[in-house]
Amino acid sequence: MKTDIDRKLRDFVGARTAKTFAEVLGIETVGELLRHYPRRYLKKGELTPFDELEVGDQATVNGRVKKVTVRSLDSKQEIRPDEVNKFRRHRTITKVVVTDGRNDLELAFFNQPWLANKLTPGTAALFWGEVTKFRETLQLKGPGTEILDEEDLSEAEIERRAKPFRPLYPATAKLPTATIERSLKIVLDNLEEVEDPIPELVLNNEQLLGLRDALQKIHLPETEKDIAEAQKRFRFEEALVMQTILAQRRAVTDALKAIPRERTAGGLLDDFDARLPFQLTEGQTEVCEEIFADLARPHPMHRLLQGEVGSGKTVVALRAMLSVVDAGGQAVLLAPTEVLATQHHKTLTKMLGELAEQGMLGGADRATRVGLLTGSLNAAARRTAMLDAASGAAGIVVGTHALLEDKVQFADLGLVVVDEQHRFGVEQRAALSTKSGENTPHVLVMTATPIPRTVAMTVFGDLAVSTLTELPAGRSPIKSSVVPAKEKPAWLERAWERVREEVQKGHQAYVVCPRIGDDVKNATDEEGEFASGAEEEAETKAKPRPAISVLQVAEVLAEVLPDLRQAVLHGRLPADEKDAVMSKFAAGEIDVLIATTVIEVGVDVPNASTMVVMDADRFGISQLHQLRGRVGRGKVPGLCLLVTDGWPGSKSRERLDAVASTTDGFELSRIDLENRREGDVLGVAQSGRRTSLKLLSVLRDEEVIYAARHVANSIVSVDAELTGYPALKAFVAEALASEAAEYLEKT
Ligand code: ADP
Ligand code: MG
């Protein structure tokens with residue numbers, strides 16, 4: 001069923017432009033171009049506020065020229081505008097200062113001295129390009145330019161510019177916004193009927209524009225209302241496609257069967273509770289009850305357990321696993337890293353004591369075994385662990401995520417617990433059903449990074465969420481401070497003194513670095529990207545130095561703290577060496593552990609009181625919060641020092657101040673989400689060219705998402721295959737295809 005939107009773009013805009021579209025934006029069809037929405041709109045006469053620009057943005061701005069200077073890069077001389085023609089063949093830099101009425105923005109053009117005579121003070125123009133930073137000032141380097149009030153224009157051009165709103169597209173130097181705008185005009189003028197993925201009835205009920213109308217209005221609006229209505233429609237459409245996919249998936253998972261695992265009294269779980277050295281918090285008890293109720297149902301549980309770092313998720317998971325073992329099943333615990341899997345294995349074995357010594361001398365009557373399966377086991381250990389899993393001797397198996405893809409067989413897998421991996425989505429769940437025949441195991445996902453309700457709903461469908469809000473009593477507070485190393489070098493020295501003092505008190509410390517530092521050539525030492533302007537280039541290259549590495553810090557600390565026992569830990573060490581280091585640290589035989597983020601999650605050494613994070617600004621908020629959770633886990637008060645070169649008031653410094661000011665993970669997660677782009681929040685679900693989330697915000701558009709979900713549910717409940725909704729079906733298929741493609745890329 002070929003419609004107009006499947007036509008090749010080159011039939012409308014000519015081969016050369018079409019080629020540029022394909023190269024620059026990956027746009028080849030009319031449909032794809034139509035879905036390249038304006039980023040924002042320029043109201044006639046309006047200047048873009050420059051204070052909304054951010055480094056890295058592809059921005060189009062409207063500014064008025066204040067000042068122009070041309071300099072020769074060879075003689076360093078300033079060149080007068082009436083002399084520029086003489087310098088056509090010289091290396092020059094033209095700096096243009098433009099204003100939005102309040103703030104200034106600098107533009108830098110290389111080897112185009114004649115621009116000084118076009119961009120004369122007072123000229124209004126559009127400029128587009130990437131926002132960069134040069135010596136603390138925002139800059140557009142070699143931007144595209146379109147002078148707005150030039151005279152001798154063609155009639156079409158005058159008409160185009162006279163429009164009350166000009167769409168501004170995510171543009172590049174090769175494909176200016178004006179070209180995109182012109183191409184869209186041609187395409188829209190020739191576009192006939194388009195099939196609407198939103199059913200007519202829904203359009204009426206939700207008061208949405210039809211597709212043809214909405215396309216016209218989003219690209220060539222006449223009024224502000226046009227823009228708002230068109231965006232509303234496309235937001236709904238995006239939500240509808242996504243919710244339809246989720247509704248279909250729910251229909252599939254609702255049909256899945258699981259073996260009910262009822263909680264039985266007088267089993268391992270009761271024995272375990274009896275030997276627990278502490279009292280469960282109220283929250284832990286409540287969440288366990290919710291989980292037991294889920295486990296007793298004949299459908300697979302899919303529950304997310306969110307809980308602050310140190311809130312005691314592990315014991316909740318262990319109780320759930322024991323109750324499944326009591327009911328005759330097995331449970332696996334998946335960790336994101338080998339270090340963490342090994343840690344978990346140790347923790348569980350220790351907590352269970354004789355209850356984990358089935359078949360061993362001194363093992364309890366009702367004991368089970370806890371197996372460990374990681375990639376780095378030797379062949380014999382691996383075989384034993386595989387046998388224990390297959391025979392059912394191991395009630396609990398701990399491993400990394402690779403466990404699911406492996407050939408590991410279970411006698412009766414009843415529960416999968418996924419630690420610190422809230423992205424455990426549909427694809428991973430699908431892999432599970434192959435592990436246990438026609439029944440699917442129950443799934444419990446644990447995370448210390450809270451996800452907003454709408455994200456949980458959007459990405460995972462209906463995911464049940466439990467939250468642990470309180471920390472176990474008697475937890476010592478963590479004190480955090482920012483150490484501005486550049487501004488106050490003495491503070492860094494003081495930080496190392498603090499580490500020494502803590503060790504003298506019998507405690508231990510982590511020093512975390514963003515990089516290992518054993519790479520031959522540093523990836524950040526890349527070539528400068530500007531062919532011309534040697535001087536400017538030299539200055540630009542003085543940009544961020546490479547992040548400090550574990551190996552560099554190890555060298556420094558060997559000198560600064562020579563009397564302390566130190567070791568390094570990072571992902572590229574051989575597995576047995578990692579284990580050895582971690583064991584020695586846990587046993588108190590190492591004072592200072594210099595590590596990458598391999599220690600980020602889960603590592604539990606209560607005697608570690610201090611953490612120094614080097615180049616802390618290179619880490620995200622959640623990551624810092626996670627890292628910090630490694631200290632203050634016992635009776636010892638924790639101390640976290642965030643070392644940075646960032647200056648007060650800078651964005652990165654603000655983030656660190658936020659981390660230092662609160663240990664409330666939910667508050668930090670909120671700050672983090674505001675700062676992050678949503679793509680990061682969504683992960684795989686946000687992809688696809690024609691159908692991805694371009695206008696919909698899963699954080700802001702909660703109501704739209706709820707409304708769309710309602711519609712999607714009613715459609716899918718009567719027509720799961722979408723036979724009666726061919727256009728919607730096509731969108732869904734495309735979204736799924738690109739999602740799958742992206743997922744494959746990521747793995
Ligand atoms: P997280 O939620 O970050 O994974 P853990 O499960 O590792 O936290 O728990 C952190 C520490 O708190 C562990 O040493 C654990 O034994 C301890 N713990 C858990 N629950 C309680 C409790 N109710 N009372 C006291 N300590 C607890
Ligand atoms: Mg944990």
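Note that ligands are numbered from 1 as they come in the structure, with each ligand's atoms numbered from 1 the same way.
Within the listing of ligand 1, atoms 23 (N) sit less than 4.0 angstrom from a heavy atom of Leu280. Interface atoms of ligand 1 facing Ser311, defined by a heavy-atom separation under 4.0 Å, are 2 (O), 8 (O). With ligand atoms numbered from 1 in the order given, ligand 1 contributes 4 (O), 5 (P), 6 (O), 7 (O) to contacts under 4.0 Å with heavy atoms of Thr314. The contact set between ligand 1 and Gln279, taken as ligand atoms under 4.0 Å from a residue heavy atom, comprises 22 (C), 23 (N), 24 (N). Atom numbering of ligand 1 starts at 1 in the shown order; those under 4.0 Å from a heavy atom of Thr281 are 23 (N).
Atom CZ of Arg383 is surrounded by 12 or fewer heavy atoms from other residues, nucleotides or ligands within 6.0 Å. Open room surrounds NZ on Lys479; 12 or fewer heavy atoms of other groups in view lie less than 6.0 Å from it. In this structure, Lys505 places its NZ atom where more than 12 heavy-atom neighbours from other residues, nucleotides or ligands lie under 6.0 Å away.
In summary, the side chains of Lys346 and Ser583 do present a donor paired with an acceptor at a separation below 3.5 Å, with no hydrogens or angles considered. Checked by atom type, the side-chain pair Thr663/Arg628 shows no donor-acceptor distance below 3.5 Å. Side-chain contact check for Gln508 and Asp591: no donor-acceptor pair (N or O, by modelled atom type) lies under 3.5 Å.
Under 4.0 Å from ligand 1, not a single heavy atom of Met446 appears.
Close N/O approach between Gly312 and ligand 1 is found [any backbone or side-chain N/O within under 3.5 Å].
Taking a 4.0 Å cut-off on heavy atoms, Gly307 fails to register as neighbouring ligand 1.
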